[in-house]
Amino acid sequence: MGKEIFLTGITTTGTPHLGNYVGAIRPSVEASKDESKISYYFLADYHALVKCHDPKIVKQSSLELAATWLALGLDVENSTFYRQSDIPEIPELTWILTCMAGKGLLNRAHAYKAAVQENVDKGSSDDDKDNDKGINMGLFSYPVLMAADILMFNAHKVPVGKDQTQHLEMARDIAGSFNHTYKKLFTLPEAVVEESTAVLKGLDGRKMSKSYGNTIPLFEPEKRFRKLIMKIKTNSLEPGVPKDPSDCTLFAIYKAFAEESDVKDLTKRYEDGIAWGEMKQFLFEYLNDHLKESRIEYEKLMNDKGYIEEVLKKGAERARNYSVPFLSKVRTAVGIQAIG
Ligand code: TRP
C-alpha cells in the first residue's frame, strides 16, 4: 500500500488564537514533518464566504493564517500547503458532487439545522413562514464543498474537530454515490478526531471561539498578550486558599503547553493556594517564552507578503499536478469531454 494521505483545511474568517493552535495548528505542523505520510493543508477561503461577507476580514485572515502556519514551522517541502481558491478544480468538482448529493442528506446537516432552529426560536415563521430566512445556499451546501476539498486529493484521513465528523460522513456518502453511479474514482475518507487534543476555554470560561469573542490571539504583541491573560476569568478565592485546577481556565491553558512534570509542580502550587495574580503572571511568562521566537518570525512574515504568496503559489502548483489530471478523469466519467 502507498503512503496514507492526510488533508485538512482551516476557514479564513479570523485571527488564529491559542485554541486553534492547540487544537489544530500544532498537530498539523508536527504531522507536516512526518515523511511516512502525504499531507495537504489549505486555507479554506471559499468556506469563509459562507459566514463572512467582509472582504477585508477574509483577506486579512488568509494572510494571518498563512503567516502563522509558516512561522510555526509548517514543512512546506514535505507537505502541500495551498489556498483553496487557487485550485479551480475544487469548485468544478463541487458542482459535479452537488449533483450526487441528496438534498435530504444536506437538510440534516447540523449547521443548517441549527440556523433553521434559530429562526424557529425567533418566531420568524409566524410572519412569513420562512424558517430559511437569512440562510444562504453556501451554508446549506457547504458540506459538498468540503467533500470536494477532500475527495479532490483522495485523502484517507481528515483530522478535524468533533463538530466536523458529520461532514466526513457526508463526504463518504457522496463519494459512494459517485463511485456507484459512474466509476470507482474516489477514496472514502475518514475523520480523525484526536480525543486527547485539548479544547481550550477562553477569557470568559466558555470554549475559546471566535464566535464568542473570547479568544486570545496567538501572536498578539507582548503587552497586549499579557493584558489578555490578566483578563481571564477566575473564581474569587483568596491567596493562600487551596484551589481546584480541574475547572480552572488558566491551569487548562498551561497544561496544553507544559511538560507533565511542570504540570505536577503547578498542581502542588494550586494546593498551596497560589494567588490568581501570581498565576496569571506565571502563565503569561510561560506562554510568552514559548511563543516569543515564533512571534518574531510571524511579524517578519507579515511584512513579507510577497514571500507568503510565493509559497502558496508553489503549493497550488503542486496540488494542481494532482487535481488537474484527476478532475479530467472525473469529467470523462460523467460524460463531459471533447466530442471529436
Ligand atoms: N469546515 C472546516 C471547519 O470549519 C474547515 C474545512 C473546510 C475542512 N474544508 C475542509 C476541514 C476539508 C477538513 C477538510 O473546521
Side-chain angles (χ1 to χ4, degrees), residues 4-17 19-29 31-32 37-52 57-58 61-62 65-66 68-69 74 79-87 89-91 93-94 97-98 101 106 109-115 136 138-175 186-194 197 199-200 207-212 215 315-316 319 322-323:
E4 246 185 344
I5 302 170
F6 282 70
L7 175 145
T8 197
I10 180 157
T11 308
T12 57
T13 45
T15 298
H17 55 71
N20 298 142
Y21 173 63
V22 168
I25 306 174
R26 186 171 61 185
S28 296
V29 168
S32 75
K37 295 173 184 158
I38 295 175
S39 30
Y40 292 89
Y41 303 101
F42 68 97
L43 305 171
D45 53 353
Y46 281 136
H47 283 265
L49 305 186
V50 169
K51 275 188 277 178
C52 177
I57 293 179
V58 175
S61 173
S62 301
L65 276 165
T68 298
W69 289 47
L74 188 81
S79 70
T80 304
F81 179 52
Y82 56 99
R83 177 170 44 202
Q84 183 184 33
S85 60
D86 281 339
I87 318 294
E89 293 72 36
I90 291 174
L93 180 61
T94 300
L97 297 179
T98 296
L106 293 166
H110 298 316
Y112 170 65
K113 272 172 62 178
N136 63 53
L139 178 74
F140 183 72
S141 59
Y142 100 80
V144 188
L145 176 58
M146 184 159 160
D149 289 330
I150 298 166
L151 302 179
M152 184 83 258
F153 297 101
N154 273 317
H156 302 103
K157 297 277 162 72
V158 183
V160 282
K162 238 200 200 112
D163 59 320
Q164 298 289 314
T165 51
Q166 188 194 29
H167 295 146
L168 266 294
E169 284 162 27
M170 292 181 165
R172 276 204 300 279
D173 191 300
I174 296 167
F186 294 117
T187 303
L188 305 194
E190 271 172 49
V192 184
V193 180
E194 200 45 86
T197 307
V199 176
L200 290 194
K207 177 185 168 195
M208 191 181 291
S209 160
K210 62 193 161 206
S211 43
Y212 293 145
T215 66
Y322 187 88
S323 64

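Both ligands and their constituent atoms are indexed starting at 1 by order of listing. Keep in mind that the numbers below use all heavy atoms, side chains included, and drop hydrogens, waters and symmetry copies. As the structure is a prediction and not an experimental result, all values here were calculated from the model.
Classified by interplanar angle (parallel below 30°, tilted 30° to 60°, perpendicular above 60°), the ring pair Phe42/Tyr82 is parallel.
The N/O atoms of Asp149, backbone and side chain alike, include one that comes under 3.5 Å of an N/O atom in ligand 1. At least one N or O atom of Gln164 sits closer than 3.5 Å to an N or O atom of ligand 1.
Atoms of ligand 1 lying under 4.0 Å from any heavy atom of His47, numbered from 1 in the order shown and given with element: 7 (C), 9 (N). Close approach of ligand 1 to Val158 is summarised as follows: ligand atoms under 4.0 Å from at least one heavy atom of the residue are 13 (C), 14 (C). Per-residue contacts place Ile150 under 4.0 angstrom from the following atoms of ligand 1 (heavy atoms of the residue considered): 12 (C), 14 (C).
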Step-by-step side-chain hydrogen bond (donor to acceptor under 3.5 Å, both in side chains) determination, Lys51 to Thr13:
CA-CA 8 Å; Lys51 275 188 277 178; Thr13 45; 5.3 Å; no
Could you go through Asn154 and Tyr322, starting from their C-alpha distance and side-chain angles, then the distance that decides it, and tell me whether this counts as side-chain hydrogen bond (donor to acceptor under 3.5 Å, both in side chains)?
CA-CA 10 Å; Asn154 273 317; Tyr322 187 88; 3.1 Å; yes
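The backbone N or O of Ser85 sits less than 3.5 Å from a side-chain atom of Asp45, completing a donor-acceptor pair. Asn20 places no side-chain N or O within donor-acceptor distance of the main-chain N or O of Ile25, the cut-off being under 3.5 Å.
If you look at Tyr41 and Phe81, their ring centroids are not closer than 6.0 Å.
Within the 4.0 Å heavy-atom criterion, neither part of Asp163 lies near ligand 1. In Phe6, neither the side chain nor the backbone holds a heavy atom less than 4.0 Å from any atom of ligand 1.
The nearest heavy-atom contact from the protein to atom 6 (C) of ligand 1 is Gly9 O, 3.8 Å.
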